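Here the structure comes first, spelled out in structure tokens, and everything after it is commentary.
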There are 2 protein chains.
Amino acid sequence: MSGTNNGSRRVRLVDVARHAGVSTKTVSNVVHNYQHVTPDMRSRVQKAITDLGYKPNLTARRLVTGKTSMIALAIPETNHPYFSSLADAIVKAAEDRDYRVLIEQTDGDSEKELDVLRDREAGLVDGVIFQPAKVTSLDLAQIQEDTPVVMLGEAASPISFDHIMIDNTAASEVAVKHLIGLGRKRIAFLGDVRGDSAGATKKRLTGYQKGLEDSGLSVDTSLVLQVESFSPESAKVAVQEAIRSGIEFDGLLCRDDRFAVAALQLLRDEGISTPEEIAVIGWDDTVLARYSYPTLTSVSPNIQAIANDAVTMLIERIEGLSGTGRHVLAPYNLHIRESAPAVKA
Amino acid sequence: MSGTNNGSRRVRLVDVARHAGVSTKTVSNVVHNYQHVTPDMRSRVQKAITDLGYKPNLTARRLVTGKTSMIALAIPETNHPYFSSLADAIVKAAEDRDYRVLIEQTDGDSEKELDVLRDREAGLVDGVIFQPAKVTSLDLAQIQEDTPVVMLGEAASPISFDHIMIDNTAASEVAVKHLIGLGRKRIAFLGDVRGDSAGATKKRLTGYQKGLEDSGLSVDTSLVLQVESFSPESAKVAVQEAIRSGIEFDGLLCRDDRFAVAALQLLRDEGISTPEEIAVIGWDDTVLARYSYPTLTSVSPNIQAIANDAVTMLIERIEGLSGTGRHVLAPYNLHIRESAPAVKA
DNA sequence: CGGATAATTTACAACGATGTAAATTTGATT
DNA sequence: AATCAAATTTACATCGTTGTAAATTATCCG
């Protein structure tokens, strides 16, 4: 049997070289498919490699090349439908370009968010794709400027960073107008999250207002439901309180799918029909939207596009591209389902 | 300003040493909080470290210590409610022990699964937590690697590996008996997935049969619904075909939550009420179970326990524990929700 | 205060690969 | 066959850290 390991110790490049009677560099050349190696030599070395079961030591390689071929993806939670599909897409995009992804969970904690960038400084990864939840533009400005970073999401970021996002304001406007197209006049927004500094909610709110005003509807601030935290439970509480206090609405635009499915569940418990009495739209078009009842109409960012752009742009930076940050608007659409169906022709 | 970098080059240990006028080893000692360093020396070095903004190069450290302090988690998909919460739990458990987790997606592809273990490149991680989807015990037995591995899930694995799983047969039995307790007599199983070699389905099926037989019900093989793939769509097709061909049932045990929510959706579309006409139970107790309509009763593996055990056992192996594989049965329970409610007292 | 012991600090060789530049071989041309 | 250029292969330094063992300094005790 070939490739067996007698348990003594790892096989090193130099062991292969000795076994084949050549220099270490030649073995290295074969491993790397360097073109100027004679077929004879190549097969001789190849045989030695399989004979001994040699595996290159990545750590050593990294030390000398200074490249890790790893990128970090920093997201608030792994266990979140949107972020886990984003992670999936990014891992696949990176794989195509021979990079591995180290997924880092920041728990929406600003210290942890900054830690990720420090990882890059420690040489663990070559670059970072970063979707912040808390960190401010100011914090980021202090990061070493030669760290390749691509920002995702809606938070403001220093102009020096590349940044990809969907046009939240425009998307929000599209969603509101869809509800208006269904004849809804009193459209609520769920929800304005307390202490949310990342800015996504603000932009969505802006689009919400713009959409209303554009269509000649007035903005009623009591329809902007305040939510305590990002948990679905607090979204339920917010909707319930609105109902209890007699606030009436026939459309509901939610800042994300989690809030939306929580709202759907609450409305059902309250005996309010969706979409007949209240039409609901979510955001992110996650798996939750497909299996809720009714199925959920949702703003659908093009995750493939975001992931591809993010990886491509990051690798360009890693390979030395300099210059000010590039800002990219990623495509999106409104995925129409039952909770806010298509307007009848 | 301290810690500034003039953009020229990384600060190395030797730079700090020179700046502080001491040897490199002393700096290293300070960095590692080695106890035999005088307070004077410690503060002097510390100052140099912050002055220069020194960050240890992890790659170099790894090369000499031979430890990466990283473990790999190999799962079929990141973008899957069960696996993403498993990943979340494992990342947190590992963090507590100063390990980081590299998540590897195998896409349920046996080549990729083997690659994870074959470890084409060495020194990336210190150990692997591996939940296989395709690979067989036989394949695994042929891998003779020195990287420590802990197996998760139901696939048979060679006795030489540590292995953690829940008792699928018993859990399945509990679920079936819950349905029987609700007075259901004709209980179907969704589904027997074509080409699923990992064994989870088989074990769940065994428990299903055992539960029926134990309660004096006969097993009707037409109630074991065949499913083409793991996609929710094919689960829908299977249930629909069963209904169309006149197969009657009043209980449905599903091999996972995805199948279950797909079934719920289909039953609704067919005008069949849940749980009144058909009570449904899922498996994995994912986020889908909380937001489906009706909410889904589901077999709930204790992910925390699994993650903790997996990380603990793996680290024991990494630290040199030898001996044959340990097999651990993790706790679980049946999370009761609307789709198969509690039995009335 | 001398001598032994313990506490610090240091010099230097690893870790295992790759880059550079020099040494060798091969091939082409006259 | 001699010469020169191109194609292979090699020797050796290097990446930035830590482990070992030796060198130095501080402390203790009779």
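None of the values given here were measured: they were computed from a predicted structure. By convention in this document, chain letters (A, B, ...) are assigned in the order of the sequence lines, proteins followed by strands, and residues within each chain are numbered from 1.
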Practice prompt. Flag the pair B:Asp88 / A:Glu77 as yes when at least one side-chain heavy-atom distance between them is below 4.5 Å, and no otherwise.
Written response: no
Does atom CD1 of B:Ile159 have more than 12 heavy-atom neighbours from other groups under 6.0 Å away? no
If you restrict it to nitrogen or oxygen atoms, what contacts under 3.5 Å exist between nucleotides 12-15 of chain C and the protein, and what is each distance?
{"residue": "C:dC15", "atom": "OP1", "partner": "A:Arg9", "partner atom": "NH2", "Å": "3.3"}

Exercise. Any side-chain heavy atom of A:His80 sitting closer than 4.5 Å to one from A:Ile75?
Worked result: no
Practice task
Would you check if B:Leu117 and B:Thr147 make a side-chain contact, meaning some heavy-atom pair closer than 4.5 Å?
Solution key: no
Assert: residue with more 5' nearest nucleotide on DNA chain D, out of B:Arg61 and A:Val22, is A:Val22
Looking only at C:dT9, D:dT9, C:dT18, the nucleotide nearest the A:Thr38 side chain is D:dT9
Of the listed C:dT9, C:dT18, D:dA11, the closest approach to the B:Tyr34 side chain comes from C:dT9
On the nucleotide D:dT8, are OP1 or OP2 found under 4.0 Å from the side-chain N or O atoms that A:His36 carries?
yes
When every non-hydrogen atom of B:Ala87 is compared with those of A:Thr78, the smallest separation belongs to CB-CG2, 4.5 Å
A:Ser28 side chain N/O closer than 4.0 Å to the phosphate oxygens (OP1, OP2) of C:dA17?
-> no
The residue, A:Val27 or B:Met41, whose nearest nucleotide of DNA chain C is more 5′ is B:Met41
**Report entry** Any B:Thr26 side-chain N or O less than 4.0 Å from OP1/OP2 of C:dT9
**Finding:** no
Are the side chains of B:Thr68 and B:Leu124 in touch, meaning some heavy atoms are under 4.5 Å apart?
no
